[in-house]
Amino acid sequence: MEKTVSGVVLGEDGLARPAWAATDPLMREYYDTEWGVPVRGEQAVFERISLEGFQAGLSWATILRKRPAFRAAFHDFQVDKVAAFTEKDVERLLQDASIIRNRAKINAVITNANAAIALRADGGLSDFVWSFQPPVTPVPRHIGEVPTTSEESVALSKALRKRGFAFVGPTTMFALMEAIGMIDTHLVDSHRRGSSGLWT
């Protein structure tokens, strides 16, 4: 593998990816097929918010490896089922070594499920989140030009907190916006640049 001046790595397949997606097969698959592809719908967006919250302070590779276990533990992130979780469920999850056993993060998922239900009266979680899509996307030519927050991620964070959500800080929301295709922070010379179909 060869690292380019911009910070992407040319893989053995000749494709350019950022260093974080260049070596681990699971991360490479995620980058090539999921990251930055538009995600809509309450359940799908709720899952991404939940996993981004669990990722805080950890590597995304850790979360990705545990994603099947998270889906099993949280009933595939079906909002109504998660909202009905009780303290007994929290204690069950705290004993589940296959996920991240953090009480605050587990409670945040349950809190956020209830907040998502409340948002249905105003069009729902997916439309609410996507309403913060910026008019333009970053165009990073070098890995150092990729931002970690934006005016829109700060605004989304504030709006979600006002609606009762937790673990939705500006950096976490920026990562969400990248992951679900609201913005395209693929480097200009990455083979995935423009793959969302939303930005030219």
Side-chain angles (χ1 to χ4, degrees), residues 21 24-133 153 156-182 196:
D24 184 315
L26 188 63
M27 291 290 277
R28 187 167 59 243
E29 174 72 12
Y30 173 70
Y31 181 79
D32 285 351
T33 62
E34 285 189 65
W35 193 71
V37 174
V39 172
R40 297 179 190 269
E42 180 187 71
Q43 186 174 340
V45 173
F46 175 65
E47 176 181 336
R48 300 318 195 281
I49 288 176
S50 300
L51 294 179
E52 292 291 351
F54 271 108
Q55 189 269 335
L58 301 169
S59 74
W60 183 247
T62 297
I63 301 303
L64 207 53
R65 287 189 185 91
K66 291 178 177 288
R67 183 164 63 171
F70 275 118
R71 286 173 170 170
F74 288 97
H75 300 293
D76 283 325
F77 293 97
Q78 295 177 66
V79 171
D80 292 287
K81 288 187 176 182
V82 176
F85 277 15
T86 64
E87 186 58 34
K88 185 177 179 180
D89 291 295
V90 174
E91 293 304 322
R92 168 181 60 83
L93 293 169
L94 286 171
Q95 301 305 313
D96 187 346
S98 67
I99 65 167
I100 305 297
R101 294 181 288 180
N102 179 298
R103 184 183 294 274
K105 292 179 179 181
I106 290 169
N107 281 328
V109 174
I110 301 168
T111 294
N112 293 349
N114 283 281
I117 289 173
L119 266 180
R120 289 172 181 167
D122 291 324
L125 177 62
S126 180
D127 285 352
F128 186 84
V129 169
W130 274 88
S131 72
F132 289 85
Q133 182 181 8
S153 78
L156 174 58
S157 173
K158 287 181 179 177
L160 286 173
R161 284 172 171 167
K162 189 173 181 181
R163 295 295 190 126
F165 285 78
F167 274 88
V168 288
T171 302
T172 300
M173 289 303 94
F174 190 81
L176 173 76
M177 292 165 73
E178 291 177 295
I180 69 172
M182 285 174 66
S196 72

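Everything numeric in this text was worked out from a predicted model, so none of it was measured.
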Give me each pair satisfying salt bridge (charged side-chain N to carboxylate O under 4.0 Å, His left out) with a member in residues 94-117, each pair once, sequence neighbours excluded.
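Every pair satisfying salt bridge (charged side-chain N to carboxylate O under 4.0 Å, His left out) with a residue in residues 94-117: E87-R103, E91-R103.
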Quick test of your reading: applying salt bridge (charged side-chain N to carboxylate O under 4.0 Å, His left out), list the pairs with at least one residue in residues 114-129, sequence neighbours left out, ordered by first then second residue.
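Listed once each, the pairs are E42-R120, D80-R120, D122-R163.
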Contacts of type ring-ring contact (aromatic ring centres under 6.0 Å, His included), residue [X], not counting sequence neighbours:
{"X": "F128", "answer": "F132"}
{"X": "W130", "answer": "none"}
{"X": "F174", "answer": "none"}

Nearest heavy-atom neighbours spanning [X] and [Y]:
{"X": "I180", "Y": "R48", "answer": "CG2-CG, 3.7 Å"}
{"X": "V168", "Y": "L160", "answer": "CG2-CB, 4.0 Å"}
{"X": "S126", "Y": "V45", "answer": "OG-CG2, 3.9 Å"}
{"X": "I99", "Y": "A73", "answer": "CG2-CB, 4.1 Å"}
{"X": "A116", "Y": "L125", "answer": "CB-CD2, 4.2 Å"}

How would you list, by chain and number, every residue that makes a side-chain hydrogen bond (donor to acceptor under 3.5 Å, both in side chains) with [X], sequence neighbours excluded?
{"X": "T86", "answer": "D89"}
{"X": "S59", "answer": "T62"}
{"X": "D76", "answer": "none"}
{"X": "R67", "answer": "E34"}

Does S153 reach the main-chain N or O of P170 with its side chain, forming a donor-acceptor pair under 3.5 Å?
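Flag set: sc S153 to bb P170 pair under 3.5 Å.
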Going by the angle between their ring planes, with limits at 30° and 60°, are W60 and Y30 parallel, tilted or perpendicular?
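Rings of W60 and Y30: tilted, 30 to 60°.
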Measure up the F85 and F74 rings against each other and bin them: parallel (under 30°), tilted (30 to 60°), perpendicular (over 60°).
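Rings of F85 and F74: parallel, under 30°.
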Any side-chain heavy atom of L93 within less than 4.5 Å of one from V109?
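Contact flag for L93/V109 side chains = no.
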Heavy atoms, side chains only, cut-off 4.5 Å: are F77 and F70 in contact?
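The answer is yes; the side chains approach within 4.5 Å.
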Under the rule for salt bridge (charged side-chain N to carboxylate O under 4.0 Å, His left out), what residues qualify as partners of [X], not counting sequence neighbours?
{"X": "E178", "value": "none"}
{"X": "D32", "value": "R17"}
{"X": "R71", "value": "E47"}

From N107 atom CG to N102 atom CG, the distance as rounded to the nearest 0.5 Å
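Going from CG on N107 over to CG on N102, the span is 9.0 Å.
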